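Presented below is the structure to which this report refers.
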Amino acid sequence: MEVLERQKSWKLLTLEALVKRLPENDGGEFSFYKDMHVSQRKGYGGEVCVDQMWNEMNIPNPYYLFHGFETVNRAGNSHQIDTICLTPQFIWLLEIKDIGGRIDIDESKHQMIRTKQEGVIESFKNPIDQVKRHAEFVKRKLRDFQLNLPVEYAVIFVSDYTIIGSIPKGAPIFHASGLQTELDKLFNKHRESSLSSPQLEKLKIELLNMHQCKQWKAKVDVHRLRKGVLCKSCDYKSVMKYEHGSFKCVKCGFKCKAAYVEALSDYRYLFGEWISNQGLREYLGVESRHAIKRIIQKINLEQTGTFRNRKYRIPDFLSFDHKNNVESVKKDTSHR
Ligand SMILES: [Zn+2]
């Protein structure tokens with residue numbers, strides 16, 4: 001049973017907003033963040049791909065899946081564990097890699113080398129070190145909770161075309177297609193339950209409580225970012241103007257009532273969560289106070305302060321707490 005659904009990371013959401021709003025003639029800075037965005041998006045796509053494989057697997061009940069688990073340890077450093085599979089017999093931590101070419105891991109040098117088909121060689125963080133670090137953290141946590149549960153870990157390569165070359169003997173590294181087989185092996189290795197039913201439930205809740213997404217800020221001068229509601233149909237190259245209750249692209253004429261939602265989401269990740277009425281009007285390019293009031297009411301923005309000091313909080317439109325907002329926005333979009 002899936003208890004934590006994967007969400008886009010703060011970093012990916014920020015980069016998505018950034019590549020839309022950084023002026024392209026910025027040269028180096030634009031291409032730097034564009035490349036970072038491509039690589040983050042690829043990683044996310046690979047993780048989602050593996051998540052879907054769990055739906056077809058045979059797993060003895062009860063079990064809990066946490067996708068995209070993030071937490072912060074005592075030293076203030078973060079642990080991002082791609083997937084956790086919690087069972088009464090063991091807890092399994094997975095590091096998911098979507099890297100093509102040939103992979104070789106040299107344990108003595110703690111490095112992973114990727115050789116592309118055309119012969120280009122690159123060095124990456126050793127994923128075994130990464131997942132071992134998570135395992136040590138989870139072991140410490142289990143001790144804190146006074147639970148005695150075996151901790152297992154593995155590194156999974158998403159693409160069947162990745163060639164897994166020389167790796168340390170017995171290292172748990174395999175293609176995603178081997179997920180079921182490797183899981184079966186673990187159930188064979190750990191036949192006895194180490195947790196009672198209440199202990200399993202308690203641990204599930206503790207893990208969910210520990211989950212906390214790490215914020216990420218790009219090192220850019222935000223004053224230079226493009227403002228306004230940008231047109232999706234024009235690949236965000238042109239702005240949309242507000243007229244008669246809807247946003248209309250000045251270039252292609254595409255109309256969308258709810259186009260401001262994406263613009264507000266960009267604001268949240270690039271500038272901050274809180275915005276004033278004046279700030280909203282300037283950012284969205286809506287002159288009418290009444291129109292802005294209607295928008296605020298429609299998405300039911302949380303507010304603080306009074307009169308001139310009033311500020312509105314832009315919610316995370318993509319998080320599950322705001323499903324209702326997204327639903328109403330979808331309805332709006334379909335009426336365009
Ligand atoms: Zn357009």
Side-chain angles (χ1 to χ4, degrees), residues 7-8 10-42 44-45 218 220-273 275-301 312 314-319 322-323 325-336:
Q7 282 179 266
K8 288 180 179 176
W10 192 283
K11 186 173 184 180
L12 178 55
L13 290 164
T14 306
L15 288 167
E16 277 179 359
L18 197 59
V19 292
K20 280 184 256 171
R21 294 181 181 273
L22 253 183
E24 280 189 42
N25 55 13
D26 261 23
E29 193 170 46
F30 179 77
S31 53
F32 173 77
Y33 284 111
K34 196 164 186 209
D35 290 350
M36 198 186 272
H37 174 233
V38 169
S39 121
Q40 284 286 318
R41 201 179 48 190
K42 190 171 187 307
Y44 176 74
V220 293
D221 176 8
V222 290
H223 299 293
R224 291 188 305 108
L225 299 177
R226 295 166 63 214
K227 295 193 174 64
V229 176
L230 306 179
C231 175
K232 208 174 188 167
S233 258
C234 289
D235 199 20
Y236 305 104
K237 301 273 188 290
S238 36
V239 288
M240 300 177 92
K241 288 274 170 242
Y242 188 76
E243 55 178 55
H244 312 302
S246 186
F247 285 87
K248 186 180 173 190
C249 176
V250 294
K251 201 173 162 204
C252 74
F254 172 69
K255 270 190 192 172
C256 179
K257 276 187 178 176
Y260 61 88
V261 170
E262 198 173 334
L264 286 181
S265 184
D266 290 350
Y267 189 97
R268 180 176 195 267
Y269 289 99
L270 297 171
F271 300 90
E273 271 185 313
I275 188 166
S276 65
N277 186 302
Q278 174 78 11
L280 270 170
R281 278 161 55 206
E282 280 172 17
Y283 176 74
L284 296 176
V286 176
E287 279 165 33
S288 155
R289 272 184 175 274
H290 296 291
I292 276 294
K293 208 173 165 189
R294 273 202 300 276
I295 287 177
I296 292 168
Q297 280 167 352
K298 193 165 229 165
I299 43 179
N300 197 15
L301 293 181
Y312 300 91
I314 304 170
D316 174 5
F317 288 105
L318 302 164
S319 106
H322 300 283
K323 237 177 192 162
N325 275 331
V326 175
E327 286 307 314
S328 70
V329 165
K330 270 188 197 154
K331 245 183 251 163
D332 244 4
T333 320
S334 61
H335 289 161
R336 69 174 176 257

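Atom set for the values below is all heavy atoms of this structure, side chains included, hydrogens, waters and symmetry mates excluded. All of these numbers come straight from a predicted model, not from anything done at the bench. Counting starts at 1 for both ligands and their atoms, following the listed order.
- Screening the protein for N, O or S atoms under 2.8 Å from the Zn ion (ligand 1) yields 4; no waters enter the count.
- In this structure Y44 satisfies the ring pair (Phe, Tyr, Trp, His ring centres under 6.0 Å) test with no other residue, sequence neighbours excluded.
- Smallest separation of non-hydrogen atoms from Y33 and V19: O-CG1, 4.0 Å.
- Ion pair E16/R41 not flagged as a salt bridge, since none of the NZ, NE, NH1 or NH2 atoms sits closer than 4.0 Å to an Asp/Glu carboxylate oxygen.
- Across every non-hydrogen atom of T14 and L270, the tightest pair is O-CD2, 3.9 Å.
- The shortest heavy-atom contact between S246 and K257 is OG-N, 3.5 Å.
- The two residues I314 and L264 have their closest heavy-atom pair at CG2-O, 3.5 Å.
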